[in-house]
Amino acid sequence: MPVRVAEEWLATCGGCEVTILDIGEPLLNILPKLQFVHMPVLMDNKYFGQTGEKKALEIPQADVGIITGSIRNKENRHIAEEMRKKCKTLIAMGSCACYGGIPALGNLSTKDEILDKVYRGSKSTDSASNPNKDIPEMEDRVYSVAEVVKCDIELPGCPTSPELFAEALTALLEGKPFKLSEKSVCDECPTKREKKAVSNLKRPLEPIEAKPGQPLSEVRCLMEQGFLCQGPATKSGCGGTTDKTPRCIKAYMPCRGCFGPIRKGANPMVDMMNALSTAGLKADQIADRAATFNRFIGVVGRLRPAAGPRR
Ligand code: SF4
Ligand code: SF4
Ligand code: SF4
């Protein structure tokens, strides 16, 4: 009997669904064991029947449920709760589902501020009242799926890595335990650390000190070159299980922290302040530190509307 899988996307960009398709060959090995019974991104789906005639949300029973995206409105919450009821095992996939992700940057503003900006305060918008017909009511703030329902597996990353997803799914199918790494991106980074301090922070798109095609093992650590690299405070795993080189570093770009904190309860902002000062960089050169260091993890209690200008 194939394993029944249900997938749902809430406040999301769809990038995590691309990750599922991106698994490549290992997906071909897993696919015969799976039966996707619900996946709105790929299949026509009517939550309340073909003509809206049903009263209750229709999500079929499944062995494994996968949810991407965060919870921005009451419909998102309702779907997450229904998925929890219908799925034996639930996977929160991607940093939006685990930590709020990019949508949780909205937690820097109140719901009223956001609605005012979108429907009245934007230069490109004709001022109008808030729409209130046939659309779900917004939540007071963005929540992660993991805050609202119990998730059996949380796979962070924006998006998570296809290898990590395949590994988690295979472990589930084989009844084996699955555990995320508690190492940092720096632990998997092959760049060369010279422990020499720099003083000025570079802009993200300034060229790095590397010749075209130069092996990463000969390239100096990007933080030591003056780039804001969040590798010291970010969980490893984005590079997958074979090569392990972190995804952005492989592209000669600094880590932006999408895999979230190394372990539960860690505070990436404090960890990054320490790492920056060790590299000789001053944190006050970063314009919006709360948003920068919590870009993907806004619901972990750190992003909230500010009374005055943010630091
Ligand atoms: S985690 Fe990133 S890729 Fe996945 S849905 Fe959220 S924004 Fe998109
Ligand atoms: S700070 Fe960035 S470039 Fe330097 S070792 Fe860590 S991940 Fe690599
Ligand atoms: S290097 Fe950092 S930002 Fe890039 S994918 Fe990995 S964890 Fe995410």
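Order of listing sets the numbers, starting from 1, for every ligand and every atom in it. Starting from 1, each residue takes its place in the sequence as its number.
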Check M272 against C229 and note the closest heavy-atom contact, atom names and distance.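 Residues M272 and C229, closest heavy atoms: CE-O, 3.3 Å.
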Mind checking the CG-CD spacing from N294 to Q230? Nearest 0.5 Å is all I need.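 The CD atom of Q230 is 8.5 Å from CG of N294, to the nearest 0.5 Å.
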Identify, by atom number and element, the atoms of ligand 1 in contact range of [X], meaning under 4.0 Å from any of its heavy atoms.
X: G15; value: 3 (S), 8 (Fe)
X: P159; value: 3 (S)
X: S95; value: 1 (S)
X: G157; value: 1 (S)

[X] atom [atom1], over 12 foreign heavy atoms within 6.0 Å:
X: K192; atom1: NZ; answer: yes
X: K88; atom1: NZ; answer: no
X: K183; atom1: NZ; answer: no

How far is [atom] from its nearest protein heavy atom, and which residue and atom name does that atom have?
atom: atom 6 (Fe) of ligand 2; result: C186 SG, 2.3 Å
atom: atom 2 (Fe) of ligand 2; result: C229 SG, 2.3 Å
atom: atom 3 (S) of ligand 3; result: R256 N, 3.2 Å
atom: atom 8 (Fe) of ligand 3; result: C258 SG, 2.3 Å
atom: atom 4 (Fe) of ligand 3; result: C248 SG, 2.2 Å
atom: atom 5 (S) of ligand 1; result: T12 OG1, 3.0 Å

Working for side-chain hydrogen bond (donor to acceptor under 3.5 Å, both in side chains), residues T51 and E53: CA-CA 5 Å; T51 55; E53 73 283 7; 2.6 Å; yes
Using a strict 4.0 Å cut-off to heavy atoms of [X], name the atoms of ligand 3 that fall inside it.
X: F259; answer: 7 (S)
X: G257; answer: 2 (Fe), 3 (S)
X: C238; answer: 1 (S), 5 (S), 6 (Fe), 7 (S)
X: R247; answer: 5 (S)

Distance-only donor-acceptor check, side chains T160 and T19, under 3.5 Å: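 Not at all, the side chains of T160 and T19 share no donor-acceptor pair under 3.5 Å.
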Hey, are D243 and T245 close enough side-chain-wise for a donor-acceptor pair under 3.5 Å?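 Side-chain D/A pair, T245 to D243: present.
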Verify side-chain contact (heavy atoms from CB on, under 4.5 Å) between Q225 and V219, making sure each step is shown before the conclusion. CA-CA 10 Å; Q225 291 190 31; V219 173; 3.8 Å; yes
Check for a donor-acceptor pair, side chain of T278 on one end and backbone N or O of N274 on the other, with a separation under 3.5 Å.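 Confirmed, T278 side chain pairs with N274 backbone.
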Pick one of side chain, backbone, both or neither for how R193 approaches ligand 2, counting any non-hydrogen atom pair under 4.0 Å.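 Just the side chain.
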Answer side chain, backbone, both or neither: which part of L222 comes under 4.0 Å from ligand 2, heavy atoms only.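 Both of them.
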Do any heavy atoms of T234 fall under 4.0 Å from ligand 3?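 Per 4.0 Å heavy-atom rule, T234 contacts ligand 3.
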Cationic tip of R77 above Y143 ring, under 6.0 Å, 45° of axis: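 Geometry flag: set, cation within 6.0 Å and 45°.
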Ligand 2 atoms in contact with M223 (distance to a heavy atom under 4.0 Å):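 The list of qualifying atoms is 1 (S).
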Would you mind listing which atoms of ligand 2 come within a distance below 4.0 Å of any non-hydrogen atom of T191?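 By the 4.0 Å cutoff, the relevant atoms are 3 (S), 5 (S), 8 (Fe).
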Show the numbers, then the answer: is there a side-chain contact (heavy atoms from CB on, under 4.5 Å) between L42 and E17? CA-CA 9 Å; L42 289 181; E17 279 70 23; over 6 Å; no
Derivation of the side-chain contact (heavy atoms from CB on, under 4.5 Å) call for R72 and M138: CA-CA 6 Å; R72 175 73 270 190; M138 262 172 92; 3.5 Å; yes
Using a distance threshold of 2.8 Å, state whether an N, O or S atom of C13 lies below it from atom 4 (Fe) of ligand 1.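 C13 does not place any N, O or S atom closer than 2.8 Å to atom 4 (Fe) of ligand 1.
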Does C16 bring an N, O or S atom to under 2.8 Å of atom 6 (Fe) of ligand 1?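 Looking at C16, which is the residue asked about, there is no N, O or S atom under 2.8 Å from atom 6 (Fe) of ligand 1.
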Non-hydrogen atoms of G101 versus ligand 1: any pair closer than 4.0 Å?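 Distance cut 4.0 Å: G101 fails for ligand 1.
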